[in-house]
Amino acid sequence: MSEELKELPVPQYLSAEEKRWSRKLYEEIFIEDTEKFTDFYYTYKIRDNEILGLKEDGQLVAMLHLNPYYLIVNGYEVRSSYIVAVATRERYRHRGYMRILLEKALRDSAARKMPFVFLMPASESIYAPFDFVWLCPYTAVPGRVERMEAEEQNHYLAARYQMFCRRDQRYLENLRAEREAEKGEIPPDHMPPYMLRITDVSQALRLVGSRENSRRYLHITDPVIAENNGYFLWETMEGETRAERLDERPGRLDLELSVGELVSLLFSNLGICLSEVV
């Protein structure tokens, strides 16, 4: 059978055992990571994450990791996934495998009512076609703050930012192990900024309010997630924000946006602190 006619593999979430043997592909692709850092990642991060994989010829040939985080956005706590370790074995590239994995991850995140996912891209050109948009720069947290207990860190960040990853004991345990794995390494001169992709429009709209009462009708286009593609009512009142998807076109439209443009509308004026690497 020719390559053109060969059936595309179906993405699957790896079992706990399969997650461990995905390390072989990780080491093959991410050669810049030291063995010590990879040991950390495969000891601590895969305890809680999900790995989407594609198998072909009896082996894992492509993968995408979804590392879970809870974020505070304007005082609301939301669950999200940080997409990392997107990799395809060299001889299996240029077959659309990354697209298969990304679109599966985005649709599943939407089904779980996650408002968004985020990542630190190797290149903007890889993710911009999927409506990922620049969000914020990497922001280093002072060492004295990292040494605080979880709730102290949360209070420190909440006093300065409208959006950040919530700290808890698991977060601190992972962070301390990560710092230990990085000892003796030369820190990079520059960390790339983060990109964000909205996965549930209604949930994302509810995170951003206004001091003024407003009622706006939106038309959102999303080529990947069907539930985001349509008309929405977005109402903001003092202390409350409501959003709902409409079954039909409203009598008026206030904004027509792509799902990527909606990121800029909702997040561009927020003070954001992200310092997560994996």
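Computed from a predicted model, the values in this text were never measured in an experiment.
The main-chain N or O of Pro193 is never found under 3.5 Å from a side-chain atom of Trp134 such that the two would form a donor-acceptor pair. In this structure, the side chain of Gln162 engages the main chain of Gly271 through a donor-acceptor pair within 3.5 Å. In this structure, Glu152 contributes its side chain and Glu149 its backbone to a donor-acceptor pair below 3.5 Å.
A continuous path of Ile, Leu, Val, Met, Phe, Trp and Tyr side chains, each step under 4.5 Å between heavy atoms, connects Leu52 with Ile126, placing both in one hydrophobic cluster. Cluster membership for Ile72 and Tyr171, using ILVMFWY side-chain heavy atoms within less than 4.5 angstrom, is not shared. In the hydrophobic cluster analysis, where Ile, Leu, Val, Met, Phe, Trp and Tyr join through side-chain heavy atoms closer than 4.5 angstrom, Phe164 is grouped apart from Leu135. When hydrophobic clusters are built by joining Ile, Leu, Val, Met, Phe, Trp and Tyr residues whose side-chain heavy atoms come closer than 4.5 Å, directly or via intermediates, Met163 is grouped together with Met120. Residues Ile272 and Val141 are members of separate hydrophobic clusters, defined by side-chain heavy-atom contacts under 4.5 angstrom among Ile, Leu, Val, Met, Phe, Trp and Tyr.
Crowding of Asn213 atom CG: a count of heavy atoms from other residues, nucleotides or ligands under 6.0 Å exceeding 12. The number of heavy atoms from other shown groups lying within 6.0 Å of CD (Glu238) does not exceed 12.
Side-chain contact between Asp48 and Arg170: present, with at least one pair of heavy atoms (C-beta onward) separated by less than 4.5 Å. Side chains of Asn49 and Lys19 form a contact here, defined as non-hydrogen atoms less than 4.5 Å apart. Met114 places none of its side-chain heavy atoms less than 4.5 Å from the side chain of Val78. Annotation: side chain of Val117 is in contact with side chain of Leu106 (closest heavy-atom distance under 4.5 Å). In this structure, the side chains of Ser275 and Tyr138 come closer than 4.5 Å at one or more pairs of heavy atoms. At least one side-chain heavy atom of Glu185 sits less than 4.5 Å from a side-chain heavy atom of Thr34. Residues Asn74 and Val208 form a side-chain contact, since some pair of their non-hydrogen atoms from C-beta on lies under 4.5 Å apart. Side-chain atoms of Val84 and Leu66, non-hydrogen and from C-beta on, never get closer than 4.5 Å to each other.
The structure places CG of Asp131 at 11.5 Å from CG of Leu102, a figure rounded to the nearest 0.5 Å. We find the OG-OH distance between Ser80 and Tyr70 to be 11.0 Å, quoted to the nearest 0.5 Å. Note: Asn67 CG to Phe118 CZ = 9.0 Å, rounded to the nearest 0.5 Å. Taking CE from Met148 and CD from Gln153, the interatomic distance works out to 7.5 Å, rounded to the nearest 0.5 Å. A distance of 12.5 Å separates CZ in Arg166 from CG in Leu157, rounded to the nearest 0.5 Å. In this structure, Leu246 CG and His219 NE2 are separated by 11.0 Å, a value rounded to the nearest 0.5 Å.
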Exercise for the section: Begin from the C-alpha positions of Val61 and Arg91 and carry the test side chain to side chain contact (heavy atoms under 4.5 Å, CB included) through to its verdict. Expected result: CA-CA 9 Å; Val61 298; Arg91 65 173 291 222; over 6 Å; no

Exercise for the section: Decide side chain to side chain contact (heavy atoms under 4.5 Å, CB included) for Ile100 and Leu8; before the verdict, give the C-alpha distance in whole Å, the side-chain angles of both, and the deciding distance to 0.1 Å. Expected result: CA-CA 9 Å; Ile100 292 172; Leu8 292 172; 4.0 Å; yes

Exercise for the section: Please lay out, stage by stage, how Glu240 and Arg206 fare under the test salt bridge (charged side-chain N to carboxylate O under 4.0 Å, His left out). Expected result: CA-CA 8 Å; Glu240 183 182 359; Arg206 291 174 187 138; over 6 Å; no

Exercise for the section: Mind running side chain to side chain contact (heavy atoms under 4.5 Å, CB included) on Tyr161 and Leu270 for me, showing each step along the way? Expected result: CA-CA 8 Å; Tyr161 301 99; Leu270 295 185; over 6 Å; no

Exercise for the section: Start with the C-alpha gap between Glu178 and Val278, add the side-chain angles, then the distance that decides, and say whether side chain to side chain contact (heavy atoms under 4.5 Å, CB included) holds. Expected result: CA-CA 9 Å; Glu178 182 180 337; Val278 290; 4.3 Å; yes

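In plain terms, the two heavy atoms of Leu253 and Leu218 that are nearest each other are CD2-C, 4.0 Å. Minimum interatomic distance between Leu207 and Tyr76 (heavy atoms only, all atoms of both residues): CD2-CB, 3.8 Å. Ile29 approaches Thr88 most closely through the heavy-atom pair CD1-O, 3.6 Å. Closest non-hydrogen pair, Ala87 versus Leu25, comes out as O-CD2, 4.4 Å. Minimum interatomic distance between Asp254 and Arg216 (heavy atoms only, all atoms of both residues): OD2-CA, 3.1 Å. Closest non-hydrogen pair, Ser202 versus Ala243, comes out as O-CB, 3.7 Å.
A salt bridge is defined here as a Lys NZ or Arg NE, NH1 or NH2 lying under 4.0 Å from an Asp or Glu carboxylate O, and Glu50 with Arg112 meets this definition. Using a cut-off of 4.0 Å between Lys/Arg side-chain N and Asp/Glu carboxylate O, Glu146 and Arg176 are scored as not salt-bridged. Taking the charged nitrogens against the carboxylate oxygens, Arg242 and Glu244 do have a contact shorter than 4.0 Å, which makes a salt bridge. Remark: Arg47 engages Glu173 in a salt bridge, criterion side-chain N to carboxylate O under 4.0 Å. Taking 4.0 Å as the cut-off between side-chain N and carboxylate O, Lys24 and Glu28 do not count as a salt-bridged pair.
Phe40 and Phe37 have their aromatic ring centers within a separation under 6.0 angstrom.
For the residue pair Tyr92 / Asp57, a side-chain donor-acceptor distance below 3.5 Å is found, with atom types taken as modelled. Ser214 and Thr236 are linked by a side-chain donor-acceptor pair at a separation below 3.5 angstrom, with hydrogens and angles left out of the test.
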Got a list of side-chain donor-acceptor pairs under 3.5 Å for residues 223-233, not counting sequence neighbours?
from   : atom 1 : to     : atom 2 : distance (Å)
Asn228 : OD1    : Val201 : N      : 3.0
Asn228 : ND2    : Thr199 : O      : 3.1
Asn228 : ND2    : Asp222 : OD2    : 3.1
Asn229 : OD1    : Asp222 : N      : 2.8

Let me have the donor-acceptor pairs involving side chains of residues 11-18, under 3.5 Å, with sequence neighbours excluded, atom names and distances please.
from  : atom 1 : to     : atom 2 : distance (Å)
Tyr13 : OH     : Asp108 : OD2    : 2.5
Ser15 : OG     : Glu18  : N      : 3.2
Ser15 : OG     : Glu18  : OE1    : 3.3
Glu18 : OE1    : Ser15  : N      : 2.7
Glu18 : OE2    : Lys55  : NZ     : 2.4

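Tyr26 and Tyr42 have perpendicular rings, their planes meeting at more than 60° on a 0 to 90° scale where under 30° would count as parallel.
Among pairs with a residue in residues 264-278, those fulfilling salt bridge (Lys or Arg N to Asp or Glu O under 4.0 Å) read Arg167-Glu276, at least two apart in sequence or across chains. Sequence neighbours left out, not one pair with a member in residues 188-214 passes ring-ring contact (aromatic ring centres under 6.0 Å, His included). Applying the salt bridge (Lys or Arg N to Asp or Glu O under 4.0 Å) test to residues at least two apart or on different chains, the pairs with a partner in residues 31-43 are Arg23-Asp39.
Annotation: cation-pi geometry not satisfied between Arg252 and Tyr217 (NZ/CZ under 6.0 angstrom from ring centroid, within 45° of ring axis). A cation-pi arrangement is found for Arg160 relative to Tyr156, the charged atom lying closer than 6.0 Å to the ring centre and inside a 45° cone about the ring normal.
Residues passing the ring-ring contact (aromatic ring centres under 6.0 Å, His included) test with Phe116 are Phe267, sequence neighbours excluded.
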